[in-house]
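Predicted model, so just to flag it, every value in this text is computed and none were measured. Reminder, nothing fancy here: chain letters follow the sequence lines and each chain counts from 1.
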Amino acid sequence: MTEGTSVSVDPTLLDDLQWRGLLAHSTDLDVLREALTSSSVRFYVGFDPTAPSLHLGNLVQILTAKRLQDAGHTPFALVGGATGMIGDPRDSGERTLNDADTVAEWVGRVRAQIEPFLSFEGENAATMVNNLDWTAGLSTIDFLRDIGKHFPVNRMLARDTVKRRLEAGGISYTEFSYVLLQSMDFLALYRQHGVTLQFGGSDQWGNITGGAELIRRAEGGTAHAFATPLITKSDGTKYGKTEGGALWLDPSMMSPYAFFQFWLNVEDASVSEMLRIFTFLSRAEIEEIEATHAEKPFLRAGQKALAEHVTTLVHGAVETARIQAASAALFGGGDMADLAGDTLGAALGEAGAITVSAGEMPSIVDLFVETGLAASKGEARRAVKEGGAYLNNERVRDADFVPGPDDLVGGHWLVLRKGKKSFRGVEVS
RNA sequence: GGCAGGUUGCCCGAGCGGCCAAUGGGAGCGGACUGUAAAUCCGUCGGCUUUGCCUUCGAAGGUUCGAAUCCUUCACCUGCCA
């Protein structure tokens, strides 16, 4: 083993991870602690390119990797060009295979999303790896002899996801074999780079321990592992869904404004957990926020801190400041007409705005559709009928209403709102 | 390969010749109450040029004045038998 650089490690790391609730499962904790306090541990965490962007769940892993690196350990971030071609089995059924070009493109995008969070310099510099590098040239015979031989099918069948899939209608051999690939990754990184720790989401625990087991069987080596918890709401349902779907980190797939709003709307019961998992605020800072929140929940101090810190991590301080200003303007509760034109314009720009010419002003229903506030005219009409459509914070009653010059605020803006918190702007030229 | 059952709207699941754009539940959306929270209650929930029209009930044909509902073929899934 080529372990042990001169990097000094933070002995409180494991306690901090535990306090943050990041250890849902782990291999022997005392052994893990011993490893993490004695020297810089080379660890890996993998991301499969199953979409053009990573999402909220992946962010947990990215931030955890950074916590480990900050504590002196050495990251290997794996983007699965190979595993992404196969697909990790999930309860919702067989995945559709993506072609090689698509996967290759997504690998590039996912790498670019991870890189800003890690440091690629210094003694414990991070390394990006791709499992295509050690699988592309592997022959089927070698794979079956060297890897497959270590996997008893009865054990594979006993895995929860596989069991559920067998009951729910079956699983292809392709997805059934996924665990072999991910396990092989751990072994490959162990052999090539001396990686001895893997972590991932708790839904990956079976794959992770599969790797540790393979290292033991194939090399007689010891590997460590832990899993972060699945993020759920207080009612037990999965987090990470909002209006449209997943919470993407890519600003073109989810606007930073919408991302910020998601955090600002986190339910009280989850704020504490979220602050611990998704921010680098210290224990003292978080406990102070919790105290404030418990005392005066209506101030929403927890949600505000969460939204600010997480949005800053993902989209930067400049963008976050813009969004905060926009939110203050839109949710301020004051008369829209009192806002300065440029303030209003900037706010609506964050929330999402379109431009129309004064001579071709559409009806309120069409404006709702064009701004994306409603998915169809029927939905827009329904919003009006239900009293959920507002122009400049005043309820609109007539679906066919066409805004005129008197409705402009801030010089040349229309402020559309659906329900309590969905705003869009229309710039009239 | 044989036999039986299944494939319904975002999800689950009724319907079994007209009264079906299709019961019910969940999710979503809106309203009320709030703190841009939770819980609760109410409403809504295919599309449109909206008293009507169009497209949906695995796919393609067919029977019928008329089908998600009947028939034929195909695809996929499940179970039983080889």
Side-chain angles (χ1 to χ4, degrees), chain A residues 90-97 164-172 175 232-247 255 257-275 289-290 292-308 310-311 323-334 336 347 350-352 362-366 368-391 393-400 402 415-424:
Chain A
R90 53 180 174 180
D91 290 347
S92 51
E94 198 72 16
R95 290 173 189 268
T96 308
L97 292 176
R164 282 193 295 268
R165 282 287 296 277
L166 288 174
E167 283 163 17
I171 181 170
S172 67
E175 290 192 4
T232 58
K233 295 201 275 192
S234 58
D235 61 5
T237 57
K238 238 185 189 174
Y239 237 118
K241 283 249 171 172
T242 178
E243 311 141 42
L247 279 133
S255 77
Y257 170 85
F259 184 83
F260 180 91
Q261 287 292 323
F262 165 79
W263 295 104
L264 201 59
N265 281 293
V266 163
E267 55 182 12
D268 285 4
S270 300
V271 168
S272 194
E273 181 191 353
M274 296 294 159
L275 281 168
I289 292 167
E290 285 169 353
T292 306
H293 192 86
E295 205 178 314
K296 297 179 176 172
F298 53 89
L299 290 181
R300 307 166 61 76
Q303 281 94 338
K304 285 176 184 166
L306 241 189
E308 176 176 328
V310 185
T311 309
I323 295 167
Q324 284 175 315
S327 298
L330 296 175
F331 288 95
M336 284 295 160
E350 295 294 332
S363 70
I364 203 78
V365 160
D366 290 323
F368 263 58
V369 175
E370 284 171 37
T371 54
L373 226 35
S376 68
K377 291 187 185 183
E379 193 179 306
R381 282 212 174 76
R382 185 157 57 82
V384 173
K385 191 177 74 188
E386 294 175 335
Y390 304 82
L391 172 63
N393 276 348
E394 282 182 37
R395 188 167 277 170
V396 178
R397 289 292 181 189
D398 176 10
D400 298 317
V402 178
V415 182
L416 299 180
R417 190 178 111 212
K418 182 166 80 87
K420 281 191 297 186
K421 43 199 178 191
S422 303
F423 287 94
R424 289 297 139 77

Who does B:G35 pair with, Watson-Crick or G-U, both distances under 3.5 Å? none
Within a radius of less than 6.0 Å around CD of A:E386, do more than 12 heavy atoms belonging to other residues, nucleotides or ligands occur? yes
Write down the distance separating the P atoms in B:U7 and B:C54, rounded off to the nearest Å. 28 Å
OP1 or OP2 of B:C48 sitting under 4.0 Å from any side-chain N/O of A:S376? yes
Determine which nucleotide pairs with B:U72, using a 3.5 Å limit on both distances of a Watson-Crick or G-U wobble pair. B:A60
To the nearest Å, how far apart are A:L299 CG and B:A37 C1'? 13 Å
Is it the case that the base of B:G43 and the side chain of A:E386 share a donor-acceptor contact (distance under 3.5 Å, atom types as modelled)? yes
Mind checking who B:G43 pairs with, Watson-Crick or G-U wobble, both distances under 3.5 Å? B:C29
Do the side-chain N or O atoms of A:R417 get closer than 4.0 angstrom to the phosphate oxygens (OP1, OP2) of B:G30? no
Map A:L264 and A:R381 onto RNA chain B by nearest heavy atom, then report which one ends up closer to the 5' terminus. A:L264
Reckon A:Y390 touches a base, only the sugar-phosphate, or nothing at all at heavy-atom distances under 4.0 Å? sugar-phosphate
side-chain contact (heavy atoms from CB on, under 4.5 Å) against A:L373, all qualifying residues, sequence neighbours excluded: A:F368, A:T371, A:L416, A:K418, A:S422, A:R424
Scanning all shown strands, the Watson-Crick or wobble mate of B:A21 with both distances under 3.5 Å is none
Rounded to the nearest angstrom, tell me the gap between atom CD in A:E379 and atom C1' in B:G31. 16 Å
What integer number of Å spans the P atoms of B:A38 and B:U44? 23 Å
Distance check, C1' atoms only: B:U69 and B:U50, in whole angstrom units. 28 Å
If only side-chain N and O atoms of A:K377 are considered, is one of them under 4.0 Å from the OP1 or OP2 phosphate oxygen of B:U49? yes
Main-chain N/O of A:A399 paired to A:R381 side chain as donor or acceptor, under 3.5 Å: no
Rounded distance in Å between the P positions of B:C70 and B:G1: 27 Å
Rounding to an integer number of angstrom, what distance separates B:C11 and B:C53 when you compare their C1' atoms? 30 Å
For B:U50, take OP1 and OP2 only and decide whether either is under 4.0 Å from a side-chain N or O of A:K385. no
C1' gap between B:U55 and B:G47, integer Å: 7 Å
Suppose you measure atom C1' in B:G6 against the same atom in B:G66; what distance do you get, rounded to whole Å? 27 Å
Without decimals, in angstroms, what is the distance between A:K304 NZ and B:G35 C1'? 9 Å
What is the distance from NZ of A:K418 to P of B:U44, rounded to the nearest Å? 16 Å
Contact check, side chains of A:M274 and A:Q303, non-hydrogen atoms, under 4.5 Å: no
Grab the CD-C1' distance between A:Q303 and B:A38 for me, whole Å please. 11 Å
Compute whether any side-chain donor of one residue and acceptor of the other, for A:S376 and A:E379, lie under 3.5 angstrom apart. no
Qualifying residues under side chain to side chain donor-acceptor pair (under 3.5 Å), relative to A:E290, sequence neighbours excluded: A:S272, A:R276
Atom CZ of A:F423 and atom C1' of B:G30: how far apart are they, to the nearest Å? 15 Å
Using atom types as modelled and distance alone, determine if a side-chain donor or acceptor of A:R417 lies under 3.5 Å from a backbone N or O of A:G419. yes
How many whole angstroms separate atom CG of A:L373 from atom C1' of B:C29? 12 Å
Rounded distance in Å - CZ (A:R382) to P (B:U44): 10 Å
When you check the phosphate oxygens OP1 and OP2 of B:A37, does a side-chain N or O of A:K421 lie under 4.0 Å from one of them? yes
Scan every strand shown for a Watson-Crick or G-U wobble partner of B:G79, both distances under 3.5 Å, and answer none if you come up empty. B:C3
B:G9 and B:U64, which share atom name P, separated by this distance in whole Å: 30 Å
